[in-house]
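Report on the following structure.
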Amino acid sequence: MNTTTDLALRARAVEILGGEPSNEALRRFLHGLPGVDAVGLEQRAAGLGTRSIKTSSKAWALDRIIELIDLTTLEGADTPGKVRSLVAKALHPDASDATCPRPAAVCVYGDMVPHAVAALGTMHGDPDDGKISVAAVATAFPSGRSSLAIKLADTAEAVAHGADEIDMVIDRGAFLAGDYAFVYDQIVQVKEACRRTDGTYASLKVILETGELNTYDNVKRASWLAILAGGDFIKTSTGKVQPAATLPVTLLMLEVVRDWHKLTGEKIGVKPAGGISSSKDAIKYVVTVAETLGEEWLVPHLFRFGASSLLNDVLMQRQKMTTGHYSGPDYLTIA
């Protein structure tokens, strides 16, 4: 359980920044980071994306991908029934194979959290213990355009109803305008709103919406800013903006997490989300994580895929490896 307090976060930021996290201090630090070599980054990502893996490794990778999925429904037309169907899918991904692993979490809008918690019943819990977490998007997802009071209430309500994880969006307008202290303070306060009555905290995933940040340098700065402010995960996208997750952007965020670990010894999670719909693409991300941070990062509390359609493709590939033929999508449930 994460128990990092507001005071501890600020003390850590002061130590790293050499002063209070003001706009001036944050700008000096973030703009002092080495610039991103875009050509080199894209070449590294392309090279990792072409790595081939053995059949035995592929079987392991497919099972691991399932265990790292946040199975998601984030539509305005979501209903309690649709959420119950999503949970049923998470509990029994492949009804024909009892050995099939389960996703790490189901991800829903905040008002759907009670329905997800109820549907999971005794299986609601930590994916590291073989259970399934409930993640909720909050802070006026996907735009982030609301007052801080509303963002905090949105977060606190989801946590009170049983959300284990909160996926918040940063104010991209403030970030692009250079108001880094504003973004930092909002993340810190949302983190505090994740506090439960027992003193533990729901895990906080900070969505950068990289498709709106325009440059790799901005992605790098936003990643550092989110981690400095107390994010447990940095997440690429809401899935509502294109481009969403890309391999170069995810590699860059993994490299930031690597550098943070070297600096502090702390392990931060990464969640690419949006547009990853095939097992072939997901395997590229698994290889990239393993090569950049090591296989120790391929666990639910350090890496996730945000996806709605990825699971069925992985299940079809898994069935093909087991039976020698594809069963086809009609044999798998949609939700």
Leu225 reachable from Val256 in the ILVMFWY side-chain graph, under 4.5 Å edges: yes

Spacing of His124 atom NE2 and Leu91 atom CG [to the nearest 0.5 Å]: 11.5 Å

Full working for side chain to side chain contact (heavy atoms under 4.5 Å, CB included) between Leu176 and Asn214: CA-CA 9 Å; Leu176 291 170; Asn214 303 324; 4.1 Å; yes

Common cluster, Val219/Phe29, ILVMFWY with side-chain heavy-atom separation under 4.5 Å: yes

Partner of Pro21 by side chain to side chain contact (heavy atoms under 4.5 Å, CB included), out of Leu228, Ile16, Val14: Val14

Worked check of side chain to side chain contact (heavy atoms under 4.5 Å, CB included) between Leu208 and Ser223: CA-CA 7 Å; Leu208 309 181; Ser223 297; 3.4 Å; yes

Backbone of Gly125 reached by a side-chain donor or acceptor of Ser133 within 3.5 Å: yes

Note, Arg44 side chain near Leu251 side chain (heavy atom, < 4.5 Å): yes

Single-linkage hydrophobic cluster Leu86~Leu68, side-chain heavy atoms < 4.5 angstrom: yes

Rounded distance [0.5 Å steps], CZ in Arg12 versus CD in Glu15: 10.0 Å

Full working for side chain to side chain donor-acceptor pair (under 3.5 Å) between Thr215 and Asp217: CA-CA 5 Å; Thr215 69; Asp217 284 335; 5.3 Å; no

4.5 Å side-chain heavy-atom contact, Val169 and Glu209: no

Connected via hydrophobic side-chain network under 4.5 Å: Phe233 and Ile227: no

Distance, nearest 0.5 Å, that separates CG of Leu247 from CG of Leu41: 9.0 Å

Cluster overlap Ile166 with Ile69, hydrophobic side-chain contacts below 4.5 Å: yes

Ion pair Glu165/Arg304, N-O distance below 4.0 Å: yes

Nearest atoms (heavy-atom pairs only) where Leu311 meets Pro93: CD2-CB, 4.4 Å

Donor-acceptor contact below 3.5 Å, side chain Asp129 vs main chain Lys131: no

Val289 vs Val270, side chain to side chain contact (heavy atoms under 4.5 Å, CB included): CA-CA, chis, key distance, verdict: CA-CA 9 Å; Val289 174; Val270 178; over 6 Å; no

Between Asp313 and Ser279: side-chain donor-acceptor atoms closer than 3.5 Å: yes

Closest approach of Leu213 to Asn218 (non-hydrogen atoms, all atoms of both residues): O-ND2, 2.8 Å

Side-chain donor-acceptor pair present, Thr72, Asp70, cut-off under 3.5 Å: no

Whether Trp297 and His261 hold their rings parallel, tilted or perpendicular, with breakpoints at 30° and 60°: perpendicular

Option passing side chain to side chain donor-acceptor pair (under 3.5 Å) with Tyr201 (candidates Glu192, Arg196, Lys191): Glu192

Rounded distance (nearest 0.5 Å) linking atom CD1 of Ile276 with atom NZ of Lys284: 11.0 Å

side-chain hydrogen bond (donor to acceptor under 3.5 Å, both in side chains) partners of residues 145-154, not counting sequence neighbours, each pair once: Arg145-Asp171, Lys151-Gln186

Non-hydrogen side-chain atoms of Leu204 and Ile187 separated by less than 4.5 Å: yes

Heavy-atom check, side chain of Val286 versus side chain of Phe305, under 4.5 Å: yes

Under 3.5 Å side-chain donor-acceptor pair for Tyr109 and Glu75: no

Short side-chain to backbone donor-acceptor contact, Lys240 and Leu74, under 3.5 Å: yes

Main-chain N/O of Gly47 paired to Thr50 side chain as donor or acceptor, under 3.5 Å: yes

Over all atoms of both residues, closest heavy-atom pair of Asp97 and Thr99: OD1-OG1, 2.5 Å

Spacing of Asp167 atom CG and Ser237 atom OG [to the nearest 0.5 Å]: 11.5 Å

Non-hydrogen side-chain atoms of Cys107 and Val137 separated by less than 4.5 Å: yes

Atom of Leu263, atom of Trp224 and distance for their closest heavy-atom approach: CD2-CZ3, 4.1 Å

CZ-OH distance between Phe303 and Tyr285, expressed to the nearest 0.5 angstrom: 8.0 Å

Close side-chain approach of His161 and Val117, heavy atoms under 4.5 Å: no

Residue pair Met168, Thr155: steps toward the side chain to side chain contact (heavy atoms under 4.5 Å, CB included) verdict: CA-CA 8 Å; Met168 71 164 288; Thr155 301; 5.8 Å; no

Charged N-O contact under 4.0 Å between Glu295 and Arg64: no

Minimum heavy-atom distance Pro300-Pro127, with the two atoms named: CB-CG, 3.8 Å

Ile234 vs Trp260 side-chain heavy atoms within contact, under 4.5 Å: no

Heavy-atom neighbours of Glu266 CD exceed 12 at 6.0 Å: yes

Closest heavy-atom pair and its distance - Glu67, Ala104: O-CB, 3.3 Å

4.5 Å side-chain heavy-atom contact, Arg318 and Ile66: yes

